[in-house]
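The structure under discussion appears below in the form of structure tokens.
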Amino acid sequence: MQKPIRIFETGATRDSDNDKLDFDGFLSPQVIKRYAIYMNKHKLQTNGELRDSDNWKKGIPISQYMKSLWRHFFDVWSLHTEGNIKTEIAEEALCAVIFNASGMLHEILKKEE
């Protein structure tokens with residue numbers, strides 16, 4: 001079965017993109033930028049040293065991600081129930097939720113490889 005093609009006004013043609021991942025549609029540039037700001041801020045460790053931006057890829061146990069995810073989710077939930085969700089504190093907590101969920105998924109996917 002042939003796949004449909006797209007024909008542009010210029011005459012250029014491309015395969016249909018119906019079954020291709022739409023990163024532009026799935027992701028928010030504002031969220032990615034805010035998350036990068038959060039991660040950059042947290043490169044500074046409590047001992048005053050800077051960690052590499054990809055330090056987390058060395059591996060963190062899923063159980064540690066889970067504990068941290070719950071703490072930060074609790075912060076988000078508490079702020080939401082208090083009506084204080086539109087604050088920088090909530091943004092930080094949401095970024096921490098993203099970090100822990102992403103890290104946990106990263107560890108799961110590494111095991112599947």
Side-chain angles (χ1 to χ4, degrees):
M1 181 171 128
Q2 291 182 335
K3 290 187 176 185
I5 61 167
R6 297 175 284 165
I7 303 172
F8 299 100
E9 290 179 15
T10 62
T13 59
R14 300 291 293 166
D15 288 340
S16 169
D17 64 354
N18 291 339
D19 59 348
K20 296 179 180 163
L21 297 176
D22 182 10
F23 293 97
D24 182 49
F26 297 148
L27 300 170
S28 163
Q30 296 92 333
V31 171
I32 299 295
K33 182 177 181 181
R34 181 59 179 89
Y35 180 67
I37 291 167
Y38 167 85
M39 291 298 288
N40 193 60
K41 175 182 174 183
H42 289 279
K43 284 171 47 176
L44 181 62
Q45 300 177 100
T46 55
N47 65 2
E49 294 181 18
L50 287 177
R51 75 178 117 230
D52 291 337
S53 59
D54 63 351
N55 176 272
W56 61 274
K57 290 180 184 176
K58 294 179 179 178
I60 296 173
I62 290 175
S63 61
Q64 293 305 305
Y65 280 125
M66 190 77 246
K67 288 176 183 295
S68 183
L69 179 62
W70 267 107
R71 286 191 300 271
H72 294 294
F73 171 75
F74 184 82
D75 291 342
V76 172
W77 180 53
S78 297
L79 290 165
H80 169 71
T81 59
E82 296 165 4
N84 294 324
I85 199 65
K86 294 183 179 179
T87 64
E88 186 172 339
I89 294 169
E91 288 179 17
E92 288 281 307
L94 285 164
C95 286
V97 167
I98 292 169
F99 171 77
N100 286 288
S102 295
M104 184 182 276
L105 181 57
H106 178 78
E107 292 300 323
I108 290 167
L109 295 174
K110 274 188 354 186
K111 288 181 181 178
E112 291 177 3
E113 291 179 351

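With a 4.5 Å cut-off on side-chain heavy atoms, Asn84 and Ile89 do not count as touching.
The hydrophobic cluster around Leu50 extends to Leu44, counting ILVMFWY residues whose side-chain heavy atoms fall within less than 4.5 Å of a member. Grouped with Ile7 in one hydrophobic cluster are Ile5, the linkage being side-chain heavy-atom contacts under 4.5 Å among Ile, Leu, Val, Met, Phe, Trp and Tyr residues.
With sequence neighbours left out, the salt bridge (charged side-chain N to carboxylate O under 4.0 Å, His left out) criterion links Glu91 to Arg34. Applying the salt bridge (charged side-chain N to carboxylate O under 4.0 Å, His left out) criterion to Asp24, with sequence neighbours excluded, gives no partner residue. Among residues two or more places apart in sequence or in another chain, the salt bridge (charged side-chain N to carboxylate O under 4.0 Å, His left out) test is passed with Lys86 by none. For the side-chain hydrogen bond (donor to acceptor under 3.5 Å, both in side chains) test, residues two or more places apart in sequence or in another chain that qualify with Lys41 are Glu92. Annotation: side-chain hydrogen bond (donor to acceptor under 3.5 Å, both in side chains) contacts of His80 (sequence neighbours excluded): none. Applying the side-chain hydrogen bond (donor to acceptor under 3.5 Å, both in side chains) test to Thr10 and every residue at least two apart in sequence or in another chain returns nothing.
Using the six-membered ring where Trp is involved, Phe74 and Trp77 have ring planes that are perpendicular, over 60° apart on the 30 and 60° scheme. Ring geometry for Tyr38 versus Tyr35: interplanar angle under 30°, hence parallel rather than tilted (30 to 60°).
Residue-environment remark: CD (Gln45) exceeds the threshold of 12 foreign heavy atoms within 6.0 Å.
Annotation: ring pair (Phe, Tyr, Trp, His ring centres under 6.0 Å) contacts involving residues 4-33, sequence neighbours excluded, are absent. Identified under the salt bridge (charged side-chain N to carboxylate O under 4.0 Å, His left out) test for residues 66-83, with sequence neighbours left out: none. Sequence neighbours left out, not one pair with a member in residues 45-62 passes salt bridge (charged side-chain N to carboxylate O under 4.0 Å, His left out).
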Exercise answer: donor-acceptor pairs, residues 96-113 side-chain atoms, under 3.5 Å, sequence neighbours excluded:
{"unit_1": "Asn100", "atom_1": "OD1", "unit_2": "Ser68", "atom_2": "OG", "d": "3.3"}
{"unit_1": "Asn100", "atom_1": "ND2", "unit_2": "Ser68", "atom_2": "OG", "d": "3.1"}
{"unit_1": "Asn100", "atom_1": "ND2", "unit_2": "Ala96", "atom_2": "O", "d": "2.7"}
{"unit_1": "Ser102", "atom_1": "OG", "unit_2": "Ile98", "atom_2": "O", "d": "2.9"}
{"unit_1": "Glu107", "atom_1": "OE1", "unit_2": "Lys110", "atom_2": "NZ", "d": "3.3"}
{"unit_1": "Glu107", "atom_1": "OE2", "unit_2": "Lys110", "atom_2": "NZ", "d": "3.3"}

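Side-chain N or O atoms of Arg6 include one that pairs as donor or acceptor with a backbone N or O of Asp15 at under 3.5 Å.
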